[in-house]
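Heads up, the thing below is written out as structure tokens.
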Amino acid sequence: MDIQRPRGTRDFLFEEMKERKQIENSLRDIFETYGYAEIKTPLFEDLSLFTMKSGEGITGQIYNFQDKGGRDLALRPELTAPVARLYLNELQKKPKPLKMYYFGSCFRYERPQKGRWRQFWQLGCELIGGKSPESEAEIIAMAAHSLENLGLDNFEIHIGNLGIIRGILDSADVPRETQDTIMAIIDKGEIEELKNTLKNNDMPPNTREVLLTLVGMEGHREVINNASEILKEMPESLKALKDLDELLNILEAFGFSKYTINLGIARGLDYYSGIVFEIYVHSLGAQKQISGGGTYNLIELFGGEKVESTGFAFGFDRLVECVRLCGMENKPLKTVDVYVAPITRDVKLKAFEIAQDLRKIGIRTDVDLVGRKLKKILSQANNLGADYVVLVGKRELDEDKVTVKNMKTSEQEQVDIKQIPEYFNKIK
RNA sequence: GCCGGGGUGGGGUAGUUGGUUAUCCUACGGGACUGUGGAUCCCGCGACUCGGGUUCGAAUCUCGGCCCCGGCCCCA
């Protein structure tokens, strides 16, 4: 029998794991310098936590099951809802603003393809109880900072404000449900479909025109001016646009100005309420979005007090892919610094003793465990990237010494057994 | 879920008008070398994704499953 790994999952080997760990640590460092602290939530939750947020339709894309007690559970498909739940359960009375970040795997039952897995990792954060444009600006700045810290510069951050389009639709008295349909179409970027849908719905012709123009608007600061011209008659939308303008001012103060204003971002999910942003890396192909976020009112939806919350998450696996594309070459993995080689089998106990002494002072040490010939041991030490080999042999032992071989220069010298830890400490 | 392309030792490959023991490279294990690595040579290990069909005979033709890759839908 040949057991395969489940579809859409991966095994990570040593080098890849090291690479992922480095990226993870780089992101953690940045998040922590912005005052975020890590939290962890369970891998599975009550199914209703996710259906409340996204509707029953979501179960098609979720791994859900009944446990032996008959409870309906689901492997988490994302982390925003679990974090909101955690906040409601444990943190409501903590001083605001509350900054937390998370790193963990999520599961979705979808067809795997490039940049899409059935088990994937998200690293993201939530800022609960901040004020609007300031918190949003800081979060976007932190996202950009995180990417820069990874050495990436080929990303685009698109920022929009859902309030603008919602405002237009509200002023035309478009019912909420129709609005959601329209938002979904905008999110897809289907202009023709949008035209048709607008045609089929009763609204002032002016509204249609304004909508179609706005949705296509994308660019830098000038977009604000152009849009405010078009939105003169719509105070609600104008206010949202002003908020966006203010956010950009703050964002520039935080040192990031490479953003793209994109009024066509809609983020399908209807719990987003104001600012939304998405980050793309076009060279990734179809799955080019590496991050998405914005301001939402999920907590209210779950029955909590109204608090402003903003958050975003990186698709961690896609980020790893980006770092690879940037051509950072992976050095072969080095796992030991010193290899202890008994020259003959009868001195192996002495070799173990020496190895253990080195480990105790924090030197990555390996020792021959299979009784191979010296030649093979040296070859193994070489493969593992060891800098030094301690040759333990009878002749030297008679004088309480061992031979230390430098694998790079091939130089050898005799070292007193008692001096070994000190010898390597010096070199370290 | 839909459309298309794939699947040969651990990794990379040759081989399809069906025909002995399936090619080569690399990795790995052992040896030549009894106390010194990265070189060379020798030996060894090890594969046709799975199941059915056609056939005297299938890696090769055919059907189905599984898995991978690209795209659509959706999403990270």
Side-chain angles (χ1 to χ4, degrees), chain A residues 1-11 13 15 50 54-55 57-58 60-62 76-80 102-124 143 184-185 187-190 193 266-269 277-281 284-293 311-322 332 339 341-347 351 368 370-398 402-413:
Chain A
M1 187 176 53
D2 176 32
I3 301 173
Q4 290 185 324
R5 117 174 73 76
R7 185 164 198 218
T9 62
R10 301 95 103 202
D11 295 313
L13 299 187
E15 255 132 58
F50 304 110
S54 316
I58 192 81
Q61 287 143 49
I62 282 186
R76 61 191 185 194
E78 49 91 33
L79 278 157
T80 303
Y102 52 80
F103 177 60
S105 55
C106 301
F107 303 82
R108 285 186 204 173
Y109 192 84
E110 286 188 291
R111 193 194 158 287
Q113 54 179 275
K114 188 182 184 185
R116 174 187 294 175
W117 310 93
R118 288 188 169 177
Q119 181 184 13
F120 60 97
W121 275 258
Q122 285 196 338
L123 195 152
I185 296 167
D187 191 40
K188 277 197 259 179
E190 295 279 352
E193 195 183 342
R267 299 235 84 213
L269 301 167
F277 69 97
E278 298 184 342
I279 307 179
Y280 310 113
V281 173
L284 286 182
Q287 265 64 44
K288 62 179 197 274
Q289 191 186 327
I290 57 165
S291 175
F312 79 98
F314 284 117
F316 186 76
D317 308 275
R318 292 182 186 175
L319 222 44
V320 172
E321 197 53 38
C322 289
Y339 205 105
I343 289 169
T344 48
R345 301 189 72 172
D346 51 343
V347 295
D368 176 64
V370 289
R372 280 201 271 217
K373 290 188 186 167
L374 183 57
K375 201 174 171 74
K376 295 288 175 188
I377 296 174
L378 283 166
S379 165
Q380 172 75 348
N382 186 49
N383 286 343
L384 294 175
D387 299 316
Y388 296 91
V389 170
V390 176
L391 296 155
V392 184
K394 253 210 197 102
R395 286 180 215 155
E396 299 92 321
L397 280 181
D398 287 343
V402 293
T403 303
V404 174
K405 181 183 180 82
N406 181 324
M407 291 298 275
K408 290 211 181 75
T409 63
S410 293
E411 282 164 17
Q412 299 190 172
E413 62 179 307

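So you know, we letter chains A, B, ... as the sequences are listed, proteins then strands, and number each from 1. Reckoned from all heavy atoms, side chains included, excluding hydrogens, waters and symmetry mates.
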If you only use heavy atoms from C-beta on, which nucleotide in [options] is closest to the side chain of [X]?
X: Lys394(A); options: A76(B), G35(B), G37(B); value: G35(B)
X: Leu391(A); options: G35(B), A76(B), U36(B); value: U36(B)
X: Trp117(A); options: A76(B), G35(B), C66(B); value: A76(B)
X: Arg318(A); options: A76(B), G37(B), G35(B); value: A76(B)

So, [X] side chain and [Y] main chain: donor-acceptor pair closer than 3.5 Å or not?
X: Ser291(A); Y: Ala313(A); result: yes
X: Arg318(A); Y: Gln289(A); result: yes
X: Asp317(A); Y: Trp121(A); result: yes

Can Thr9(A) and Gln119(A) be counted as having a side-chain donor-acceptor contact under 3.5 angstrom?
-> no
Taking a pair as Watson-Crick or G-U wobble with both distances under 3.5 Å, which nucleotide is matched to [N]?
N: G1(B); answer: C72(B)
N: U13(B); answer: none
N: A22(B); answer: none

Figure out the [atom1]/[atom2] separation between [X] and [N], and round it to whole Å.
X: Leu378(A); N: U36(B); atom1: CG; atom2: P; value: 9 Å
X: Lys288(A); N: G70(B); atom1: NZ; atom2: C1'; value: 16 Å
X: Leu374(A); N: U34(B); atom1: CG; atom2: P; value: 9 Å
X: Asp11(A); N: G10(B); atom1: CG; atom2: P; value: 15 Å
X: Arg118(A); N: C74(B); atom1: CZ; atom2: C1'; value: 14 Å
X: Asn382(A); N: A39(B); atom1: CG; atom2: C1'; value: 12 Å
X: Gln287(A); N: C73(B); atom1: CD; atom2: P; value: 10 Å

Between Gly8(A) and Trp121(A), name the one whose nearest nucleotide on RNA chain B is closer to the 5' end.
-> Gly8(A)
Closer to the 5' end of RNA chain B via nearest nucleotide, is it Ile290(A) or Pro112(A)?
-> Pro112(A)
Looking only at N and O atoms, is any donor in the side chain of Gln412(A) or the base of U36(B) less than 3.5 Å from an acceptor on the other one?
-> yes
Base of U36(B) paired with side chain of Lys375(A) (donor-acceptor, under 3.5 Å) | no
Distance check, rounded to the nearest 0.5 Å: [X] atom [atom1] versus [Y] atom [atom2]?
X: Arg7(A); Y: Arg111(A); atom1: CZ; atom2: CZ; answer: 6.0 Å
X: Tyr280(A); Y: Ile290(A); atom1: OH; atom2: CD1; answer: 11.0 Å
X: Ile343(A); Y: Ile377(A); atom1: CD1; atom2: CD1; answer: 9.0 Å

Atom pairs, protein N/O to nucleotides 25-31 of chain B N/O, distance under 3.5 Å:
unit_1, atom_1, unit_2, atom_2, d
G29(B), OP1, Arg372(A), NH1, 3.0
G31(B), OP1, Lys373(A), NZ, 2.8

Hey, what's the ring geometry for Phe277(A) with Phe312(A), parallel, tilted or perpendicular (30° and 60° as the breaks)?
-> tilted
Can you tell me, in whole Å, how much space there is between the C1' of U8(B) and that of C25(B)?
-> 15 Å
Determine the Euclidean distance between corresponding C1' atoms of U13(B) and G65(B); express it in Å to zero decimal places.
-> 27 Å
Is Phe120(A) stacked on the base of A76(B) when the test is centres under 5.5 angstrom and planes under 30 degrees?
-> yes
Between Arg118(A) and Phe107(A), is NZ or CZ placed under 6.0 angstrom from the six-membered ring centre and within 45° of the ring axis?
-> no
Counting only heavy atoms not in Arg345(A), do more than 12 sit closer than 6.0 Å to its CZ atom?
-> no
Residue from Val389(A), Asp368(A), Leu391(A) passing side chain to side chain contact (heavy atoms under 4.5 Å, CB included) with Leu374(A) | Leu391(A)
Could you list the protein-to-nucleotides 1-3 of chain B atom pairs, N/O on both sides, closer than 3.5 Å?
unit_1, atom_1, unit_2, atom_2, d
C2(B), N4, Arg111(A), NE, 3.0

Hey, does Gly124(A) reach any base, or is it just sugar-phosphate, or nothing, if we go heavy atoms under 4.0 Å?
-> nothing
